[in-house]
Structures are given as structure tokens and as C-alpha cells.
Amino acid sequence: MSLLELHNVYKIYGDLHALDNVDLKVERGEWVAIMGPSGSGKSTMMNIIGCMDKPTKGEVLLDGIDIAKESAKNLTTIRRDKIGLIFQQFHLVNYLTALENVMLAQYYHSIPDEKEAYEALEKVGLADRAKHLPSQLSGGEQQRVCVARALINHPEIILADEPTGNLDDSNEETVVELFRRLHEDGTTLIVVTHDPEVAEVAQRMVVLRNGKIARETVNENFTGHIRFHV
Amino acid sequence: MFFRMITASLMRRRSRMLVALLAIAIGATILSGLVTIYYDVPRQMGAQFRNYGANILFTPSENSFSAEDLEAGLALADEGALVGSAPYRYESVRIHEQPVMAAGTNMEGAQKTSPYWLVEGEWPSASGEVMIGKNVADNLQLKNGSTFSMVYTGEDSEETPAESGAESAADGVESAAEEAESPAAGPSDGSGGEEDAEEDGYREAEFTVTAVLSTGGPEENYVYISMEDLEALTEISGKIDLAEVSMSAGAEELNAYTQKVSGEVPAVRAQLVKRVTASETTVLSKLQALVLLVTIVVLALTMICVATTMTAVVAERRREIGLRKAIGASDGSIIREFMGEGMLLGFLGGIIGAFLGFAFAQTVSMKVFSSSITFQPLLVPVTIIVSIAITGLACLLPIRSATKVDPALVLKGE
């Protein structure tokens, strides 16, 4: 069984079909990029896969659980236990240090472990910035803290929403490199992006248009390394 | 992690939290101050009321009572409650052939039980010195420094102030004064200095006026001499017609005290001077009701202020709440965190308020009553607990709205 399966998923707001009969499967350990123009349904799909919204119709199986049938309380538990989120605007708590931001995810999941949180920061190359507040970190550093926070609870799947949207090329490369290492470790990655260079790094690229899957491309030359177009 | 988070939220968002803390601390200060005043008002006002005279009268069960009976009655008072007491013994005497009522008393005690008396001159402090009422001074053309002979003939007045009733006695013993105006026969040989006993019951002594008493009341019809001088003049000692007692206590305590004295000292009938105690009780209850009302209003305003501040805090942290929920925070976690912050603010505001409140109450007490108040340690934990409870209550609605924040808003980049 795939880790994530969407069968005939619809999300309808009045007359607008934000998702229109979407079928998608993501295998365990797979790295999938979702692309599409604004209004194509990317965010709606992210919300549903991230257990923050439910489909109007259809079945969404995450690790065998149909999230369309779960209560809001259970969805919180599923989100906490199985999903790691990375955001375009980082969304770090501005009065907590980098270390405390990572520990926050541990706190809601189980028991905060400062040593483990420190190791997660070490993994993203920010051990020396552990005691810094987000305002004292660069955009790239903040996104790396966000990655450390997403992976600290060893989630089944990492959902990244425009993770490099606010980063320069150097930091973009660093973040993609982190994704590659996570993929090597067996983590499932779903990355929503506008950036073709980031999308092309993934094993598979899914293009959404008007709420439907317009195209799916498998990356035959997958290496996990970014290649900047000149 | 919980405490780390809420302390970080308060310490690293100082400017925002200082506004909330200020609101709570001001509320707690006024609350603590008003409660201190509320409980101290009876004592303060009691002391003020004691300036308007005694509130208890000891009258004899039969003809008179002794100094020992008075002491026994006073010994039953709670420690610190007794402001002063003055025994009175009334005898009809003659000065310049005119009948006058002499009141033997303890001058120091009289000063304490009747602080409102307007005394021109010096209170008598030695044997042979007297204070005369203004009417007596005018009628007999006496003034400070005048000397005169006081003649005691042993005649019984028809009605003593004690017999005329406790209330009228407290008012200045009018009936006795009227009695004193009736002519009484009795020779006077005019000799002064020492008592003379030429005839049976006839005695005379010379006195010097050191003070003239003005009260606007019947007290102006008396000649006040020390109890020792009156006993020497009459050669009758240990007899008291009535005693005025001034006590700082509430109506219930005063009632209990008078019943206790009447029960345990058979020779004495203790009564409240109703006019004084009733008006004291009325004023006190109205003042306390006012302070209570203001306290409730302040509590309500504090709650509104804290609720408004917390609503603003929640509104500006919507994105953070959304993030917390997105990474797995339950509604319970959000409630605990915001309530924890609110209660920690309530705790800090309560500590500040408890001490500033005492300073506030002390200032009010000094300005209004010209006396200091005692620090009530119990009020510190009470203020802190009330402050935490009020803050908690005020946080309920804003926190409820915090749990309704949609976690998806963080993905929308809001």
C-alpha cells in the first residue's frame, strides 16, 4: 500500500472546484514535486494532505487512514505524528530561540529533548546558531531551522510549501541538499513549488491546472542535486 | 518546556506584556488598597468617632458604684480597645452663695472621653484647681486665675445625673444642672484653704480656676474638680455616680462588652450611648458599602482591561497560534499556554499590586485619617490569588477565540 493515496478527490467552494476528481499516489520514501500556476489547487491539496482540511468528496488515505472520515481532534494527532511541515515564510515563533523552536514540535509530539533538538540543528548546520532568535538569523538559516523542526519527530512525510520561495540561490541549494539527505534517509517528501529548478530535482513532478492533474513526469535522471538553468 | 515557553513569551515580548502587566498591576493595586481601607475603616473611623465623646456609660444598679467596680468593668475590655474612661460624682455645692453642681472626675480620663471639649486655660492638674463651665463663669463672674470658696453642706440633690438616665447624662446631665439652680441654704464663712467642719456636714475649701469649659451644651453648668478634692471636701470616698467609657470597637463588640460588664459586675449597669454608636454604625456601614462598590467596579474594569489586552494579544498572535496548531498543538495545549501566560501575568501583577496597594492605602489613610495603617500579610496571598483568578476569567473569551484559529492560514501565507 502507498503511503499516500488520493482517490476521486474533490474540494468544492460554491461553484469553484478547487480540486476536481484528483487521483494521486505517493510511495513511501518517494520525492514528489507539485507544480502549477496560482489558483491551480496546490494549496488546497497541501491543506488536505496536511490534515488541515477535508475533501468535499473522495478518499484520502494517509498510511492507511482515511483522513476524510477523521474528527478534527484526530486530524491534529495524525498531523503531529505523521507529518512535518515546512513553509515558504518559515513561521518560526519569534520569541523562541532556534533550539526552542525545534523543541516546540517535540513538546506537542511527546517530550522535549534538548540534546536531540540540538542534534537536529547540527544536521542542518546550525549548531552554532541554536541560541539565536529568528530575528538574528538569515532567511536561509530560518528555513533550515524550519527543516530541523519538521524532521525532529521523524515524520512519515514532509510537506514543503514553496520552501525556497524566499531564498537566494545559495540558500536554495542548501535547502535542496537537505531534502536530498532526508530522501536518502528514506523520508517521503512532497514539495510544492513554482521553481522548475527545485521541481526538477524531485523523482516525480505533478503539474496541477484548474484543480486537475494536468501532467505527471518521472525524472529519469534523478540525482537529488539541483542544476541551475543559466 | 511549558514554563520555558510562557516565560520566554513574557520576557522576550516585554513591550506588549508590560501593557497587560500594567493593567493587572493597577487593578490589583487599587483592589488591594481598597480592601485594606475597607478593613481598616472601622478602626480609623472608630478612632475619629471617639473624638465625639464616650460611647458607653456605666451607671449604678442602685445608688452608686465604687472605683473597684469601675476597674472591674474596665478590665473586661479587649486589650487595646479602651480609649479612655472618666468616673463622675456629682454633688451640690455653693459658690458665692449660689447653688452649683460640682462634678468630681479624673481629669486625664475626662480629656480622653471628651476630646471635643473646648477648654480655655489649662486642665486642672493639682489639688485645689478647678475647671468651670462657661455658664457658671458668667453667672459667678469667675475667670481663669480667680479663687473662690466652695461650700459643701451635705444637702442631697433631688436627682443626680445618674438617676436622670444614661442618655441625658451623656448629653451633659441637664437635669442635674437644673437641679443645681434651685436655691440651697447654707452658710459660708468665706474661709478658704482647708475644709472646715464647723457644723455637721458643712465643709468649705478654696479653689482656683485654671480653665473655662465651653461645649455649647449642659457641661457649661458644672464645676469640674478632681475626684480626690471632691472626696476630701465631702469626706465621702469611693462613690461614683456614673462613668463615661470610650471604646474603639464595632457595634457588636460594644454590645457584647456592655452585656458582659452588666453580667459580671452587679453594681454596674453598662449601656451604649445609642446616639453615638448608632450614627457610627450607620456611617461605617455606608462607607464600607461605598468602598465595596468601588472595589467591585475596579474589579470589573480590571477584567475588561485585561480581556481587551489579551484579545489584542491573541489577535496579533493568530499566525503563531495557527503555526502551533499546524505542528500538532491541540486546543487544550493552546488554552494551557495562553492561560499560563495570563496567570503568570496575574501572579506578577498581584505581587506588584499587593505592595503598591498597601502604599496606596497608607497614603489615603494618612491624607484622610492622619494615621497609619498596619500591614496585613494575609492580604498579599489574597491579592495574588484574586489577581490570578480575575486574569484567568478575563482570558477565557480571548483564549476561546484562539482555539478557533484555522491552522491552514499559515500555509496561505497570512
Side-chain angles (χ1 to χ4, degrees), chain A residues 42-53 72-97 99-114 117 133 135 146 149-150 152-153 155 159-162 165-166 192, chain B residues 1-21 310 312-342 344-345 400-414:
Chain A
K42 298 192 303 292
S43 293
T44 306
M45 186 187 266
M46 280 292 286
N47 283 347
I48 290 172
I49 296 171
C51 298
M52 288 177 275
D53 202 354
K73 194 178 169 188
N74 285 349
L75 288 181
T76 301
T77 310
I78 295 166
R79 195 161 62 235
R80 186 172 59 208
D81 293 344
K82 296 187 181 297
I83 299 167
L85 290 165
I86 297 169
F87 312 100
Q88 179 180 4
Q89 286 155 331
F90 323 132
H91 293 309
L92 297 173
V93 179
N94 58 9
Y95 55 84
L96 297 180
T97 61
L99 186 72
E100 287 164 344
N101 265 288
V102 177
M103 288 170 72
L104 188 65
Q106 285 181 309
Y107 170 70
Y108 292 129
H109 180 266
S110 49
I111 298 165
D113 181 339
E114 193 164 338
L133 291 171
S135 57
C146 198
R149 182 179 64 190
I152 187 70
N153 294 324
L159 285 179
D161 180 30
E162 298 284 2
N166 282 340
V192 171
Chain B
M1 186 66 193
F2 175 75
F3 288 105
R4 197 166 170 173
M5 266 195 306
I6 61 171
T7 50
S9 171
L10 298 185
M11 296 303 291
R12 295 179 190 152
R13 297 167 63 246
R14 273 184 216 136
S15 57
R16 291 285 179 213
M17 285 304 159
L18 270 177
V19 176
L21 183 62
M310 288 307 284
V313 166
V314 168
E316 73 180 19
R317 290 170 72 185
R318 272 173 57 80
R319 207 181 67 173
E320 180 197 325
I321 296 164
L323 166 77
R324 285 174 186 270
K325 292 183 86 169
I327 62 172
S330 62
D331 287 353
S333 299
I334 300 288
I335 290 170
R336 273 195 298 278
E337 284 152 27
F338 275 83
M339 198 55 101
E341 278 185 27
L344 187 58
L345 278 174
R400 196 158 166 250
S401 73
T403 61
K404 291 185 175 151
V405 173
D406 182 3
L409 69 84
V410 290
L411 280 181
K412 290 172 191 155
E414 287 179 16

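None of the values given here were measured: they were computed from a predicted structure. What you see below is based on every heavy atom in this structure, not just the backbone, and it leaves out hydrogens, waters and symmetry mates.
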Does anything in residues 331-340 of chain B form a salt bridge (charged side-chain N to carboxylate O under 4.0 Å, His left out)? List the pairs, not counting sequence neighbours. B:Arg324-B:Glu337, B:Lys325-B:Asp331
Part of A:Ile78 lying under 4.5 Å from any heavy atom of chain B: neither
Nearest 0.5 Å please: distance from the CG atom of A:Leu99 over to the CZ atom of B:Arg4. 6.0 Å
For B:Ala326, does its backbone N or O pair with a side-chain atom of A:Arg79 as donor and acceptor, under 3.5 Å? yes
Side chain, backbone, both or neither: which part of A:Thr77 has an atom under 4.5 Å from a heavy atom of chain B? neither
As an exercise, state the distance from CG of B:Leu323 to CG of A:Leu92, rounded to the nearest 0.5 Å. 8.0 Å
Find the distance between CD1 (A:Ile152) and CD1 (B:Ile327) and round it off to the nearest 0.5 Å. 11.5 Å
Among A:Glu100, A:Gln88, A:Arg149, the residue with the most heavy-atom pairs under 4.5 Å to chain B is A:Glu100
Considering heavy atoms only, which positions within residues 105-114 of chain A lie below 4.5 Å of chain B? A:Ala105, A:Tyr107, A:Tyr108, A:Pro112, A:Glu114
